[in-house]
Amino acid sequence: MQENYGASGYFSEANGSQKKEHLEIKLTEVSVSDKLEAFRAEKEHFKGLSFPTISSVGPNAAIIHYSPEANTCAELDADKIYLCDSGAQYLDGTTDITRTVHFGKPSEHQKSCYTAVLKGHIALDAAVFPNGTTGHALDILARTPLWKSGLDYRHGTGHGIGSYLNVHEGPHLISFRPSARNVPLQASMTVTDEPGYYEDGNFGIRLENVLIVKEADTKFNFGEKGYLSFEHITWAPYQTKLINTALLTPAEIEWVNLYHSDCQKILESYLNVQEKEWLRKATEPITASS
C-alpha cells in the first residue's frame with residue numbers, strides 16, 4: 001500500500017503521494033483475502049476457511065454481508081477504510097475475527113465512529129452478569145456508545161462458534177432479536193463480540209473477537225446465583241490511529257493497553273524480526289492526550 005498506492009501506511013496519518021501509474025502488484029479485495037488464506041494455509045491443522053471472507057473497501061464495507069467477486073471487486077484505496085471479516089477451520093478450533101483499518105488519513109468522523117464501536121466492543125467484553133442472563137439483556141452494552149451519537153447497526157452482536165464445527169452455532173446468541181431471550185449464557189460457551197457501524201455509500205466498521213463465557217470471581221454473590229464474565233481468545237491489535245483517545249475513559253484506555261500488551265506477549269514467539277517490530281509499534285500504549 002505504501003510503495004504502490006501512495007499510502008501513509010498502518011501507523012502514519014501523513015498525506016501520501018499519488019498511486020503509481022504502473023502497479024507492480026495490484027491489490028484488490030479478492031487478492032488480499034487470498035493472501036490471508038494462504039498465510040492460514042501454512043499452519044499445520046488448517047482445513048479451510050470457516051466462511052467466505054468479507055474483504056471490503058470503502059462503500060463495500062458498508063454492505064454487512066458483502067461478498068467480493070474476482071471480476072468485479074474493488075481495488076484497495078489509500079483514502080478509504082478497509083474491513084476484513086474472516087475465519088478458518090482448524091482441527092483444534094474454528095476462528096472468526098474482524099478488524100477495520102485505514103492506510104491513509106482517516107477523517108475525524110471515521111475516527112469517532114470507530115471509537116464508538118470500540119467502546120461498545122470493550123463494554124461487552126468487560127461485562128459481569130448473573131447466571132440466567134441472556135444475550136438479549138447484554139446486547140445493549142455494545143450499542144449504548146453508538147446510541148449516544150444517534151448511531152446503530154442492523155445485525156446481532158454475537159453468535160456461538162463450534163469447535164471445528166459451525167462458525168455460527170446456537171442455541172445462544174447476543175442480539176436484539178427476541179430469540180436471544182430463549183437461552184441463558186453458560187460457562188464454557190463461546191460467543192463473538194462484534195458491534196459495528198455502516199454508513200451507506202461511504203464506509204463500514206466492525207470489530208470482532210471470540211469470547212469464552214467463564215465463572216466470575218466477584219466479591220459478593222447476591223441471590224446465590226453465581227456470576228459470569230468473558231475471556232477473550234482472539235489476539236490481533238486494533239489500529240490505534242483510528243482511535244480518538246479523547247473519547248475513551250481511563251478504564252477503556254487501560255483495557256486497550258492491557259489487550260495490546262497481551263497480544264505482544266502471546267504472538268511474538270511466532271514472528272520473525274520484521275514482524276516483531278511491526279507488532280511492537282502496533283501495540284504501543286495509548287494515552288488520553290495521544
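The structure displayed is predicted, hence computed values, not measured ones.
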Take H159 and I161 through the test side-chain contact (heavy atoms from CB on, under 4.5 Å) and record every step on the way to the result.
CA-CA 7 Å; H159 58 82; I161 292 182; 3.8 Å; yes

May I have the step-by-step check of side chain to side chain donor-acceptor pair (under 3.5 Å) for Y90 and E44, ending in yes or no?
CA-CA 8 Å; Y90 304 89; E44 178 184 359; over 6 Å; no

Please report the C-alpha distance between M189 and V183 in whole Å, then the side-chain angles of each, then the deciding distance to 0.1 Å, and finally whether the side-chain contact (heavy atoms from CB on, under 4.5 Å) criterion is met.
CA-CA 11 Å; M189 283 181 168; V183 178; 4.2 Å; yes

Please determine whether side chain to side chain donor-acceptor pair (under 3.5 Å) holds for the pair T157 and D139, giving the CA-CA distance in whole Å, both sets of side-chain angles, and the decisive distance to 0.1 Å.
CA-CA 6 Å; T157 301; D139 182 76; 2.6 Å; yes

Evaluation steps, side chain to side chain donor-acceptor pair (under 3.5 Å), between T94 and Q89:
CA-CA 5 Å; T94 298; Q89 292 280 18; 2.5 Å; yes

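By the 4.5 Å heavy-atom criterion applied to side chains, P106 and I81 are not counted as neighbours. Y197 is not listed as a side-chain neighbour of R206, based on a closest heavy-atom distance of 4.5 Å or more. Within the 4.5 Å cutoff, the side chain of L27 has heavy atoms near those of the I25 side chain. The closest side-chain heavy-atom distance from L36 to C84 is below 4.5 Å. Taking the side chain as every heavy atom from C-beta outward, V191 and L173 never approach each other to under 4.5 Å. For the pair H168/N166, no side-chain contact is recorded, criterion being any heavy-atom separation below 4.5 Å from C-beta on.
Judged by distance alone, the side chains of W235 and D262 never bring a donor and an acceptor atom under 3.5 Å apart. Judged purely by distance below 3.5 Å, without hydrogens or angles, the side chains of E199 and H109 pair a donor atom with an acceptor atom. A donor atom on one side chain and an acceptor atom on the other are not found under 3.5 Å apart for Q239 and Y114. Between the side chains of T28 and E75, not a single donor N or O lies within less than 3.5 Å of an accepting N or O. For the residue pair N182 and R177, no side-chain donor N or O sits within less than 3.5 Å of a side-chain acceptor on the partner. Residues S112 and N244 have side chains that never bring a donor and an acceptor to within less than 3.5 angstrom of each other.
In this structure, CD1 in I205 is found 13.5 Å from CZ in R99, a value given to the nearest 0.5 Å. Taking OH of Y259 as the reference point, atom CG of N257 lies at 13.5 Å (rounded to 0.5 Å). Residue I122 holds its CD1 atom at 13.0 Å from CG of L141, rounded to the nearest 0.5 Å. Distance CG/D77 to CE/M1: 7.0 Å, rounded to 0.5 Å. Rounding to the nearest 0.5 Å gives a distance of 8.0 Å between CG of L242 and OG1 of T115. Summarising the geometry, atom CG belonging to N4 is positioned 11.5 Å from atom CG belonging to L76; distances are rounded to the nearest 0.5 Å.
Between the side chain of T283 and the main chain of S261, no donor-acceptor pair closer than 3.5 Å is present. When atom types are taken as modelled, the side chain of H136 and the backbone of F176 share a donor-acceptor pair closer than 3.5 angstrom. Distance alone, capped at 3.5 Å, is enough to place a donor-acceptor pair between the K241 side chain and the G9 backbone. In this structure, T192 contributes its side chain and E194 its backbone to no donor-acceptor pair below 3.5 Å. A distance-only check finds a donor-acceptor pair linking the side chain of T245 to the backbone of T287 [under 3.5 Å]. With hydrogens and angles disregarded, no donor-acceptor distance shorter than 3.5 Å links the side chain of H232 to the backbone of T234. A donor-acceptor pair under 3.5 Å is formed between the side chain of S33 and the backbone N or O of V30.
In this structure, Y238 and H260 have tilted ring planes: the angle between them lies in the 30° to 60° band. The aromatic rings of F129 and F230 sit tilted relative to each other, their planes meeting at an angle between 30° and 60°.
Geometrically, K80 does not engage Y82 in a cation-pi contact, judged by NZ or CZ lying under 6.0 Å from the ring centre and within 45° of the ring axis. The cationic group of R143 lies under 6.0 Å from the six-membered ring centre of Y153 and within 45° of the ring axis, placing it in a cation-pi geometry.
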Side-chain atoms of residues 211-229: list all donor-acceptor pairs with protein atoms under 3.5 Å, sequence neighbours left out, distances to 0.1 Å.
{"from": "T218", "atom 1": "OG1", "to": "F220", "atom 2": "O", "distance (Å)": "2.6"}
{"from": "N221", "atom 1": "OD1", "to": "K225", "atom 2": "N", "distance (Å)": "3.4"}
{"from": "N221", "atom 1": "OD1", "to": "G226", "atom 2": "N", "distance (Å)": "2.8"}
{"from": "Y227", "atom 1": "OH", "to": "F222", "atom 2": "O", "distance (Å)": "3.4"}

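In plain terms, the two heavy atoms of V167 and S50 that are nearest each other are CG1-O, 3.7 Å. Closest approach of V57 and A74 over heavy atoms only: CB-CB, 4.3 Å. What you find for I266 and S269 is that their closest heavy atoms are O-OG, 4.1 Å.
By the neighbour-count criterion of 12 heavy atoms within 6.0 Å, atom CG of L91 is densely surrounded, having more than that number from other residues, nucleotides or ligands. Around the NZ atom of K35, the shell of radius 6.0 Å holds no more than 12 heavy atoms that belong to other residues, nucleotides or ligands. Atom CD of E275 has more than 12 neighbouring heavy atoms from other residues, nucleotides or ligands inside a 6.0 Å radius. For CD1 of I63, the number of neighbouring non-hydrogen atoms (other residues, nucleotides, ligands) closer than 6.0 Å is greater than 12.
With ring centers used as reference points, H155 lies under 6.0 Å from Y198.
Applying the side-chain hydrogen bond (donor to acceptor under 3.5 Å, both in side chains) criterion to S56, with sequence neighbours excluded, gives no partner residue. Scored by the side-chain hydrogen bond (donor to acceptor under 3.5 Å, both in side chains) test, H45 finds no partners at all (sequence neighbours excluded). With sequence neighbours left out, the side-chain hydrogen bond (donor to acceptor under 3.5 Å, both in side chains) criterion links T98 to D85, E208. Considering only residues two or more places apart in sequence or on other chains, W278 meets the ring pair (Phe, Tyr, Trp, His ring centres under 6.0 Å) condition with Y10, F11.
V210 and F46 fall into different hydrophobic clusters, defined by Ile, Leu, Val, Met, Phe, Trp and Tyr side-chain heavy atoms under 4.5 Å apart, directly or through other members. A continuous path of hydrophobic side-chain contacts links W255 to L146 [ILVMFWY only; heavy atoms under 4.5 Å]. A single hydrophobic cluster is not seen to contain both I140 and L185; linkage of ILVMFWY side chains at heavy-atom distances under 4.5 Å, directly or through other members, places them apart.
The salt bridge (Lys or Arg N to Asp or Glu O under 4.0 Å) contacts involving residues 110-138 comprise E13-K111, E108-K111, K119-E252, where partners must be two or more places apart or lie in separate chains.
By the 4.0 Å N-to-carboxylate-O rule, R280 lies close enough to E284 to be salt-bridged with it.
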